[in-house]
Amino acid sequence: MNDISRRKLMRAGVVALPGAVGLAAAARIAERNGLVPPDHSGLYGPGETLTYAAQRVLTAHSLAREFDRSQISKKPFANETPKKTPEFLRLEAAGFVDWRLKVDGMVARPAEFSIAQIRSFPAHSQITHLACEEGWSYVAEWTGALLSDVLHEVSMRPEAKFVVYDCMDKGWWESIDMADALHPQTFVAYGFNGGELPVAFGGPLRMRVPRQLGYKSLKYITRLTVTDSLKKFGKGLGSAEPEFGYAWYAGI
Ligand SMILES: Nc1nc2c(c(=O)[nH]1)N[C@H]1C(S)=C(S)[C@@H](COP(=O)(O)O)O[C@H]1N2
Ligand SMILES: [Mo]
């Protein structure tokens, strides 16, 4: 750790003092700085708070590693595809022309975007690593719009702190903070390795959050909700994952 980042960490007070007293103190300081993750109250809560607050203070603007074309995985592995609902099958059969991304919550202009409208935002590409918490991973090229461009289009209110996202896969939902939502590598992705994003990999549109584990990169997204609090969503833990014992913040 260099001197500047150490100083930043100390200024925010998120210093890893040894033992439970240190964790409690760090948690209090994190709270004062608005850096408490939504799943802070469980068994691993103090550790989650420390990890999240320290990463946000030290690496809020860091970039995920990008790879060369030659490093793209020959056989990327798609997680099991969900049992498609009749609605999903209907949208897929029609080439997703009726699919919409709804954007609502703390925004001045709630909107619904077709896939053509999402494609009309400036296109960006990245070759990044997608790592599942279960141990497998792959490198692929993703093409999409910056999530920040979509959010600017609807004009977020200044109190906004998180973006919650839903998908066509029952039970799956996620959220990220503004450091990730506005990050230049966070995409709503519709392209994969130079072609269209296959349904197996989350088409027509998936979230791509390369600074966090794979489960934050939700597939088949249909809705973004901008909010200042995660308490009213699901069990209030920020996403479906903490309900099963995984961390809301899955920074890598
Ligand atoms: N809708 C939806 N999104 C999802 C999942 C899922 O089952 N359904 N799995 C998540 C997990 S755990 C991982 S690791 C990645 C896997 O991405 P892949 O299918 O492209 O390999 O997608 C994430 N997004
Ligand atoms: Mo995963």
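Excluded from the calculations below are hydrogen atoms, water molecules and symmetry mates; all remaining heavy atoms, backbone and side chain alike, are included. Counting starts at 1 for both ligands and their atoms, following the listed order. Starting from 1, each residue takes its place in the sequence as its number.
In this structure, W248 has its ring center closer than 6.0 angstrom to the ring center of Y52. The aromatic ring centres of F192 and F201 sit less than 6.0 Å apart. Checked against the 6.0 Å centroid threshold, F187 and W142 do not count as a close aromatic pair.
With a 4.0 Å cut-off on non-hydrogen atoms, A131 does not touch ligand 1 at all. Counting heavy atoms under 4.0 Å from ligand 1, residue Y215 touches it through both backbone and side chain. Of all the heavy atoms of C167, the ones lying under 4.0 Å from any atom of ligand 1 belong exclusively to the side chain. By the criterion of a heavy-atom distance under 4.0 Å, both the backbone and the side chain of N79 are placed next to ligand 1. Looking at Y246 against ligand 1, nothing comes within 4.0 Å, counting heavy atoms. Of the heavy atoms in L213, none comes closer than 4.0 Å to ligand 1.
Under a 4.0 Å criterion applied to the non-hydrogen atoms of C132, ligand 1 contributes the atoms 14 (S). Near Y220, with a cut-off below 4.0 Å to any heavy atom, the atoms of ligand 1 are 1 (N). Residue-ligand proximity, Y138 to ligand 1, at heavy-atom distances under 4.0 Å covers atoms 18 (P), 20 (O), 21 (O). Here is the list of ligand 1 atoms found below 4.0 Å of a heavy atom in L130: 16 (C), 17 (O). Taking a cut-off of under 4.0 Å to the non-hydrogen atoms of D169, the atoms of ligand 1 that pass are 1 (N), 2 (C), 6 (C), 7 (O), 8 (N). Annotation for ligand 1: atoms under 4.0 Å from non-hydrogen atoms of L218 are 3 (N), 24 (N). Atom numbering of ligand 1 starts at 1 in the shown order; those under 4.0 Å from a heavy atom of S217 are 22 (O), 23 (C), 24 (N).
In this structure, F67 and H129 have tilted ring planes: the angle between them lies in the 30° to 60° band. A perpendicular orientation is assigned to the rings of Y220 and F88, their planes being inclined by more than 60° (bins at 30° and 60°).
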K161 vs D177, salt bridge (charged side-chain N to carboxylate O under 4.0 Å, His left out): CA-CA, chis, key distance, verdict: CA-CA 6 Å; K161 288 207 179 75; D177 66 3; over 6 Å; no
CA sep, side-chain torsions, deciding dist, call: R90, D98, salt bridge (charged side-chain N to carboxylate O under 4.0 Å, His left out): CA-CA 9 Å; R90 188 184 67 75; D98 297 327; 3.6 Å; yes
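For atom 17 (O) of ligand 1, the nearest non-hydrogen atom from the set E174, R206, E133 belongs to R206. Of the candidates F201, F77, W136, the one placing a heavy atom closest to atom 16 (C) of ligand 1 is W136. Counting heavy atoms only, G214 comes closest to atom 15 (C) of ligand 1 of the residues P76, A240, G214.
Taken to the nearest 0.5 Å, the OG atom of S62 stands 8.0 Å off from the CD atom of Q185.
Annotation for E133: atom CD counts as buried by contact number, over 12 foreign heavy atoms lying within 6.0 Å. Annotation for K170: atom NZ does not count as buried by contact number, only 12 or fewer foreign heavy atoms lying within 6.0 Å.
At the top of the distance list for atom 3 (N) of ligand 1, counting protein heavy atoms only, stands K219 N, 2.9 Å. Looking only at heavy atoms of the protein, atom 7 (O) of ligand 1 is closest to W172 CZ2, 3.1 Å.
With hydrogens and angles left out, the side-chain atoms of E87 and T85 include no donor and acceptor closer than 3.5 Å.
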